[in-house]
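To start, the structure itself, in structure tokens.
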There are 2 protein chains.
Amino acid sequence: MLTIGNLAKKTGTKVQTIRYYEQIGLMPEPGRTEGGQRRYGDAELDRLSFIRHSRQLGFSLDAIRELLDLSDHPEKSCDEADAIARRQLRQVEQRMARLKALRTELKRMVHECSGGRTADCRVLEVLRDHSECLTEHDDIGA
Amino acid sequence: MLTIGNLAKKTGTKVQTIRYYEQIGLMPEPGRTEGGQRRYGDAELDRLSFIRHSRQLGFSLDAIRELLDLSDHPEKSCDEADAIARRQLRQVEQRMARLKALRTELKRMVHECSGGRTADCRVLEVLRDHSECLTEHDDIGA
DNA sequence: CTTGAATCTACAGTAGCTAGAGGATGTAAA
DNA sequence: TTTACATCCTCTAGCTACTGTAGATTCAAG
């Protein structure tokens with residue numbers, strides 16, 4: 001039986017985050033001691049590992065919820081899980097492309113700005129200048 | 001003179017976002033019409049373009065605030081701007097690495113899961129299985 | 001039995017917006 | 001000129017995914 005602190009350590013999660021997951025229904029309400037402290041078993045450890053790993057891979061809590069639902073009802077088709085993975089893959093490739101452009105720009109900025117005063121430095125112009133970027137005007141959210 | 005709506009269109013920003021930037025002091029309080037509507041000039045267009053472009057490049061609002069401060073006081077050293085860019089570059093490379101790993105994993109998931117039932121599908125195990133990942137237990141934040 | 005770390009609940013705060021209510025303003029056609 | 005309608009205003013609340021704090025309680029080791 002694990003305390004919440006030990007579960008946190010084992011999964012690289014903050015204690016509050018575990019309680020938060022419980023609050024939003026991602027984690028089940030665990031058993032309690034006489035005194036009211038949470039105690040966890042292997043099932044909960046597995047579930048939390050799953051959640052954390054999924055988060056590290058970029059899944060939203062909603063996506064994780066879907067996956068856990070699938071996991072809880074294995075008679076459903078795997079196509080759903082596949083669809084979720086495909087959706088995530090698309091998003092990931094978009095983010096990668098954006099980050100690549102960003103990295104190029106930042107590298108250029110760092111190279112061009114080798115000491116001197118702000119007035120002579122192109123860092124700020126690069127960011128201000130509209131024409132130098134392919135302004136797509138779409139979402140920039142994570 | 002631009003209305004807030006036109007400024008929004010020109011910069012790919014939502015109207016509310018512009019007001020939000022004003023609220024947190026990133027954008028200055030603009031002039032108003034008799035009736036109290038905001039009107040913007042070229043200076044504000046430039047500033048907002050700068051902000052939006054920076055956001056698209058992944059800068060936090062705090063970092064942008066720093067850059068704008070530099071921009072407002074060009075007598076300061078460019079080293080500061082350079083340091084900000086370097087910090088961002090480091091972060092970007094971290095994110096890229098994480099996304100690369102994620103993409104690999106997702107691709108594998110999509111390939112391995114070609115129809116069938118959840119029970120036979122490795123998608124869920126891949127995410128649950130602790131041993132298959134290099135658990136770093138560091139921040140996963142955007 | 002005491003001490004001190006860990007836990008409890010409850011609430012507030014974070015970033016960076018986004019959405020909605022309910023009303024005022026600006027503009028263009030009839 | 002009037003009227004219609006898009007756009008604007010302020011204010012408040014909500015979103016995601018946590019994180020932090022306060023003050024009280026519980027657990028485990030010595």
Side-chain angles (χ1 to χ4, degrees), chain A residues 1-27 29-40 44 48 50-68 88 91 95 98 137-142, chain B residues 1-27 29-40 44 48 50-68 88 91 95 98 137-142:
Chain A
M1 282 301 169
L2 292 164
T3 65
I4 195 171
N6 287 339
L7 181 63
K9 251 172 228 153
K10 285 209 180 208
T11 56
T13 315
K14 301 234 159 142
V15 167
Q16 293 102 311
T17 304
I18 297 175
R19 291 201 277 246
Y20 168 72
Y21 287 161
E22 182 184 327
Q23 194 186 307
I24 62 170
L26 257 192
M27 288 293 286
E29 293 187 17
R32 302 268 187 153
T33 61
E34 296 269 304
Q37 297 194 355
R38 292 167 180 81
R39 287 299 121 97
Y40 295 94
E44 284 96 341
L48 185 54
F50 176 91
I51 294 170
R52 284 273 102 191
H53 194 170
S54 302
R55 288 290 299 133
Q56 279 171 25
L57 289 179
F59 287 89
S60 73
L61 291 185
D62 270 356
I64 293 168
R65 209 187 292 271
E66 287 184 282
L67 288 166
L68 283 170
Q88 288 293 325
Q91 274 189 27
R95 286 190 223 174
R98 212 185 291 274
H137 288 345
D138 59 343
D139 71 303
I140 62 174
Chain B
M1 283 299 169
L2 293 163
T3 66
I4 196 171
N6 287 339
L7 182 63
K9 251 172 228 152
K10 285 210 179 206
T11 55
T13 316
K14 302 235 159 140
V15 166
Q16 293 103 307
T17 305
I18 296 175
R19 291 200 276 248
Y20 169 72
Y21 287 162
E22 182 183 327
Q23 195 186 305
I24 62 170
L26 258 192
M27 288 291 287
E29 292 187 17
R32 302 270 184 150
T33 61
E34 295 269 305
Q37 297 195 356
R38 291 168 179 83
R39 288 298 120 97
Y40 295 94
E44 283 97 341
L48 184 55
F50 176 92
I51 294 170
R52 283 273 103 189
H53 194 170
S54 302
R55 289 290 300 135
Q56 279 170 25
L57 289 178
F59 287 90
S60 73
L61 291 185
D62 271 355
I64 293 168
R65 208 187 291 272
E66 286 184 283
L67 287 166
L68 283 169
Q88 288 294 326
Q91 275 190 26
R95 286 191 225 174
R98 211 185 291 275
H137 288 345
D138 59 343
D139 71 303
I140 61 172

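Below, read A as the first sequence line, B as the second, and so on, with proteins coming before strands; counting in each chain starts at 1.
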Completion exercise
Picking from dC18(D), dC8(C), dG16(C), the nucleotide nearest the side-chain atoms of Y20(A) would be dC18(D)

Handout entry: G35(A) or G5(B), whichever maps to the more 5' nucleotide of DNA chain D
Key = G5(B)

Problem - Value in whole Å for how far the C1' atom of dG16(C) lies from CE of M27(B) - result: 16 Å

Handout entry: Whole-Å distance separating the CD atom of E22(B) from the P atom of dC17(C)
Key = 15 Å

Fill in the blank from the handout: The residue, S60(B) or V15(A), whose nearest nucleotide of DNA chain C is more 5′ is V15(A)

Completion exercise
Taking dT21(D), dC27(D), dC9(D) as options, the one with an atom nearest any side-chain atom of Q16(A) is dT21(D)

Practice task
Take the protein atom CD of Q37(A) and the nucleotide atom C1' of dT25(D), then report the distance between them rounded to whole Å.
Solution key: 8 Å

Practice task
Starting from P on dT7(D), measure out to CG on L7(B) and report it in whole angstrom.
Solution key: 15 Å

Problem - Length of the line joining L26(A):CG and dT16(D):C1', which is rounded to integer Å - result: 12 Å

Practice task
Please report, rounded to the nearest Å, how far the C1' atom of dT10(D) is from the CD atom of Q23(B).
Solution key: 11 Å

Exercise for the section: For I24(A), report the nucleic acid contact type (base, sugar-phosphate, nothing); a contact means any heavy atom under 4.0 Å. Expected result: nothing

Exercise for the section: Take the protein atom CD1 of I18(B) and the nucleotide atom P of dC9(D), then report the distance between them rounded to whole Å. Expected result: 9 Å

Exercise for the section: Give a yes/no answer on whether the side chain of T33(A) brings an N or O atom under 4.0 Å of OP1 or OP2 in dT26(D). Expected result: no

Practice task
Would you give the length of the straight line joining atom OG1 of T11(B) to atom CZ of R55(B), rounded to the nearest 0.5 angstrom?
Solution key: 13.5 Å

Problem - Side-chain heavy atoms of R39(B) within contact of L2(B), under 4.5 Å - result: no

Handout entry: T3(B) side chain near dT7(D) phosphate (N/O to OP1/OP2, under 4.0 Å)
Key = no

Exercise for the section: On DNA chain C, check which nucleotide each of R19(B) and L61(B) is closest to and give me the residue with the more 5' one. Expected result: L61(B)

Handout entry: Donor-acceptor pair, side chain of T17(A) and main chain of T13(A), under 3.5 angstrom
Key = no

Exercise for the section: With the side chain counted from C-beta on, respond yes when I4(B) and Q37(B) share a heavy-atom pair under 4.5 Å apart, and no when they do not. Expected result: no

Handout entry: Side-chain N,O (R55(B)) to OP1/OP2 (dC17(C)) below 4.0 Å
Key = yes

Practice task
Output yes when at least one side-chain N/O atom of R32(A) is less than 4.0 Å from OP1 or OP2 of dT9(C), else no.
Solution key: yes

Exercise for the section: Would you indicate, yes or no, if dC17(C) has its OP1 or OP2 atom less than 4.0 angstrom from a side-chain nitrogen or oxygen of R52(B)? Expected result: yes

Problem - Ion pair E22(B)/R38(B), N-O distance below 4.0 Å - result: yes

Practice task
Please determine if a side-chain N or O atom of Y21(A) lies less than 4.0 Å away from the OP1 or OP2 oxygen of dA17(D).
Solution key: no

Handout entry: Length of the line joining I51(B):CD1 and dA15(C):C1', which is rounded to integer Å
Key = 15 Å

Handout entry: Beyond-backbone contact of Y40(B) with I18(B), side-chain heavy atoms, under 4.5 angstrom
Key = yes

Exercise for the section: Using a heavy-atom cut-off of under 4.0 Å over every strand shown, decide if R38(B) touches base, sugar-phosphate, or nothing. Expected result: sugar-phosphate

Problem - OP1 or OP2 of dG20(D) under 4.0 Å from side-chain N/O of K14(A) - result: yes

